[in-house]
Amino acid sequence: MSTAYESVQIRPVREEDRHAVMELAAQLAEGVAEWRDPEAVVEAARQWLAGFFAPTREQQGAVFVATAEGEVVGMVSVNTHRHFTGPVEAYIGELAVAPHAVRMGLGRRLLSTAEDWARQQGLRHLTLETAAGNTTAQRFYAALGYREEAVRFTRVLEQQPGTGY
Ligand SMILES: CC(C)(COP(=O)(O)OP(=O)(O)OC[C@H]1O[C@@H](n2cnc3c(N)ncnc32)[C@H](O)[C@@H]1OP(=O)(O)O)[C@@H](O)C(=O)NCCC(=O)NCCS
């Protein structure tokens, strides 16, 4: 059972948070489909985040961290993308709270900060994807007023010998 922190701060990420943010990314394979490589999921998230930390700041968008008692215990990344119907929307790329800090309201506060960022950009929608097996995240988003918009189906195909990518 978690205990509440005395004080939590949500602030834009800094260079010195890099290691902690990369550690938090390890949780991003939660509930991933059995036909996906969980390490590749985590690696993809880390690469996006590394681009954000790069001196040339290769990524647009924003990354915020939650800190408690001097420790980074959560992070969220938010960016923009264009929906196929045309409008540019805000998009949550990564959201993770340290296992020892869940159910204290940090996820809620991080998401709220991403929503504020999106509003400041003048964007009307904030969207995200989560794995079908990640029931915790689905309950979390539903509790915060997010509504399911699309469901993606995948069929794993048998390959003919000598073909495939
Ligand atoms: C999903 C995640 C970010 C939630 O963060 P959190 O800080 O624990 O969430 P909060 O404490 O702000 O919870 C807000 C509300 O969400 C709901 N909720 C959160 N976790 C839940 C769970 N395990 N089961 C049911 N409801 C849950 C509750 O309604 C909760 O309010 P309450 O605690 O007052 O009942 C966190 O579990 C996490 O980091 N998971 C691993 C990484 C991940 O899956 N990220 C999302 C990928 S898209």
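Keep in mind the model is a prediction, meaning the values are calculated, not measured. FYI, the numbering just counts along the sequence from 1. Order of listing sets the numbers, starting from 1, for every ligand and every atom in it.
Below 3.5 Å of separation, one finds no N or O of Thr130 facing any N or O of ligand 1. For the pair Arg103 and ligand 1, the shortest N or O to N or O distance falls below 3.5 Å. Among the atoms of Leu28, none of the N or O lies under 3.5 angstrom from an N or O of ligand 1. Considering backbone and side-chain N/O atoms, Glu129 never comes within less than 3.5 Å of an N/O atom of ligand 1. The shortest N or O to N or O distance between Leu95 and ligand 1 is under 3.5 Å. Where the criterion is an N or O separation shorter than 3.5 Å, residue side chain and backbone included, Val102 fails it with respect to ligand 1. For Gly107, a nitrogen or oxygen atom sits less than 3.5 Å from a nitrogen or oxygen atom of ligand 1, counting backbone and side chain alike.
For ligand 1, the atoms lying closer than 4.0 Å to a non-hydrogen atom of Met104 are 11 (O). Atoms of ligand 1 lying under 4.0 Å from at least one heavy atom of Ala96, given by number and element, are 39 (O). Distances below 4.0 Å separate heavy atoms of Arg108 from the following atoms of ligand 1: 12 (O), 14 (C), 15 (C), 31 (O). Atoms of ligand 1 lying under 4.0 Å from any heavy atom of Tyr141, numbered from 1 in the order shown and given with element: 46 (C), 48 (S).
Considering CD of Glu89 and OG1 of Thr127, their distance stands at 5.0 Å, rounded to 0.5 Å. Once rounded to the nearest 0.5 Å, the distance linking OG1 of Thr130 with CZ of Phe140 reads 10.0 Å. Annotation: the span from Leu110 atom CG to Ile10 atom CD1 amounts to 4.0 Å, rounded to 0.5 Å. To the nearest 0.5 angstrom, Leu111 atom CG is 7.0 Å from Leu128 atom CG.
At most 12 heavy atoms of other shown residues, nucleotides or ligands fall within 6.0 angstrom of atom CD in Glu34. No more than 12 heavy atoms of other residues, nucleotides or ligands shown are found within 6.0 angstrom of CD on Glu39.
Nearest to atom 13 (O) of ligand 1 among the protein's heavy atoms is Phe140 CD1, 3.7 Å. For atom 38 (C) of ligand 1, the closest non-hydrogen atom of the protein is Val97 N, 3.9 Å. If you check which protein heavy atom lies closest to atom 40 (N) of ligand 1, you get Gln27 OE1, 4.3 Å. Nearest non-hydrogen protein atom to atom 44 (O) of ligand 1 is Asn134 ND2, 2.7 Å. The protein heavy atom nearest to atom 25 (C) of ligand 1 is Arg139 CD, 3.4 Å. Of the protein's heavy atoms, Ala143 CB, 3.3 Å lies nearest to atom 29 (O) of ligand 1. The protein non-hydrogen atom at the shortest distance from atom 11 (O) of ligand 1 is Gly105 N, 2.8 Å.
Donor-acceptor pairing under 3.5 Å is recorded for the side chains of Glu71 and His100. Side chain to side chain, His83 and Thr85 meet the donor-acceptor criterion of an N or O pair below 3.5 Å.
Here the side chain of Ser112 pairs no donor or acceptor atom with the backbone of Arg108 at under 3.5 angstrom.
At a 4.0 Å cut-off, at least one heavy atom of Thr136 sits close enough to ligand 1 to count as contact.
Sorted by first then second residue, the salt bridge (charged side-chain N to carboxylate O under 4.0 Å, His left out) pairs that include residues 124-136, not counting sequence neighbours, are Glu129-Arg152.
Under a 4.0 Å N-O distance rule, the pair Arg14/Asp17 does not qualify as a salt bridge.
In this structure, Arg11 is not positioned above the aromatic face of Phe64 in the sense of NZ or CZ being under 6.0 Å from the six-membered ring centre and within 45° of the axis.
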